[in-house]
K.L.:
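Below is the structure I would like to discuss, written out as structure tokens.
Residue numbers start from 1 in every chain, and the chains themselves are labelled A, B, ... in the order their sequence lines are given, proteins ahead of strands.
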There are 2 protein chains.
Amino acid sequence: MDRRAPLSKDALELVAHRFAVLSEPMRLRLIHALFGGEMSVNALVGETGGTQANISRHLQVLAQANVLARRKDGLQVFYSIADPSIFRLCDLVCGSLEKQFSRKAGAFTGNASR
Amino acid sequence: MDRRAPLSKDALELVAHRFAVLSEPMRLRLIHALFGGEMSVNALVGETGGTQANISRHLQVLAQANVLARRKDGLQVFYSIADPSIFRLCDLVCGSLEKQFSRKAGAFTGNASR
DNA sequence: CCTATTTATGAGCATATCCACATATACTTG
DNA sequence: CAAGTATATGTGGATATGCTCATAAATAGG
């Protein structure tokens, strides 16, 4: 494994895109809401206080990135966390931020530690 | 720790911003170049092939987010990785992406595992 | 002091992203 | 099939982000 590999442009863009998907507060709010298990779009709208259109779009983004899974049942669509690495990712970032400001910024992980 | 806490808007924005900082390919390239230790701006310009102005700006972003540290010595400014959680973050994301596509996307971690 | 070198920054353009509003689509029930 | 409910999508406007070119600021050497 050559540490100095050209870092194929494709690989870089993939990683960057993964981070980009997680870089919107509303999307983080959705992910956090799903820490407790799958929820319908409507339930997520209620939980987050966003508009239906906006929530739906964010869910598309998260699902296309394979962060969330989509399950359709009749009229409703249920989303759930598909990529378990999300839990550790959030723990890592929150931990790092907590070190920087010894207060605040800790609320996000909740009890995500699994 | 109430998992259903309001997720203070501030905390969410902090986490989102941290991810946003890592969501640009050129910034990831810079971080990867620094896996081997501190480097001057000029060295990073050479290593990444970007323009001096652009690299300088990206380095500002990373330093302000406390991802990188800045050390000035005479004319040169040396940057290095300040937040060790970056290593695990990249490992996590790369690992997750590798599972999705069982090929490619693995180049980024290099030998970051510390 | 004058010049060269290294890094940072101001300005402007191009593009991407988010949001809200309206509307379309999918499905269920009567 | 008509109507209602849940979800998705087209569109446009506002804002943010990244890039380049030119230039400023800091420092070292002669």
K.L.:
Heavy atoms from C-beta onward define the side chain here; which of dG18(D), dT7(D), dC21(D) lies closest to that of Val77(A)?
P.N.:
dT7(D)
K.L.:
Measure from CD on Glu13(B) to P on dA16(D) and round the result to the nearest Å.
P.N.:
12 Å
K.L.:
Distance-only, no hydrogens or angles: does the Ser56(B) side chain make a donor-acceptor pair with backbone N or O of Gln52(B) under 3.5 Å?
P.N.:
no
K.L.:
What nucleotide, of dA8(C), dT27(D), dA26(C), holds the atom closest to the side chain of Leu75(A)?
P.N.:
dA26(C)
K.L.:
Can you tell if the side chain of Asp83(A) reaches within under 4.5 Å of the side chain of Arg18(A), non-hydrogen atoms only?
P.N.:
yes
K.L.:
Same cluster or not: are Met39(B) and Phe78(B) linked, directly or through other Ile, Leu, Val, Met, Phe, Trp or Tyr residues, by side-chain heavy atoms under 4.5 angstrom apart?
P.N.:
no
K.L.:
Quick one: does Val45(B)'s side chain get under 4.5 Å of Thr51(B)'s, heavy atoms only?
P.N.:
no
K.L.:
Output the rounded distance in Å from CG (Leu22(A)) to P (dT17(C)).
P.N.:
14 Å
K.L.:
Assign each of Val41(B) and Ser23(A) to its nearest nucleotide of DNA chain C by heavy atoms, then name whichever residue's nucleotide is nearer the 5' end.
P.N.:
Val41(B)
K.L.:
Would you kindly compare Ala53(A) and Asn42(B) by the position of their nearest DNA chain C nucleotide and give the one closer to the 5′ end?
P.N.:
Asn42(B)
K.L.:
Using whole Å, what does the distance between atom P of nucleotide dT17(D) and atom CD of Glu24(B) come to?
P.N.:
10 Å
K.L.:
Could you tell me how far apart Gln52(A) (CD) and dT9(D) (C1') are, to the nearest whole angstrom?
P.N.:
10 Å
K.L.:
Can a side-chain donor-acceptor contact be found between Asp10(A) and Ser8(A) if the only test is distance below 3.5 angstrom?
P.N.:
no
K.L.:
Would Cys94(B) and Val15(A) satisfy side-chain contact (heavy atoms from CB on, under 4.5 Å), going step by step from the backbone distance to the final call?
P.N.:
CA-CA 7 Å; Cys94(B) 287; Val15(A) 177; 4.2 Å; yes
K.L.:
I need the residues from residues 55-72 of chain B with at least one non-hydrogen atom less than 4.0 Å from DNA chain D; give them sorted by number, or say none.
P.N.:
Arg57(B), His58(B), Lys72(B)
K.L.:
Rounded to the nearest Å, what distance is computed from the CG atom of residue Leu30(A) to the P atom of nucleotide dT7(D)?
P.N.:
13 Å
K.L.:
Tell me the side-chain hydrogen bond (donor to acceptor under 3.5 Å, both in side chains) pairs involving residues 59-71 of chain B, sequence neighbours left out?
P.N.:
Glu38(B)-Arg71(B), Gln60(B)-Tyr79(B)
K.L.:
Does OP1 or OP2 of dG18(D) have a side-chain N or O of Asn54(B) closer than 4.0 Å?
P.N.:
no
K.L.:
What is the distance, to the nearest angstrom, from the OH atom on Tyr79(A) to the P atom on dA6(D)?
P.N.:
15 Å
K.L.:
Return the value, rounded to whole Å, for the distance between atom CE of Met26(A) and atom C1' of dT17(C).
P.N.:
15 Å
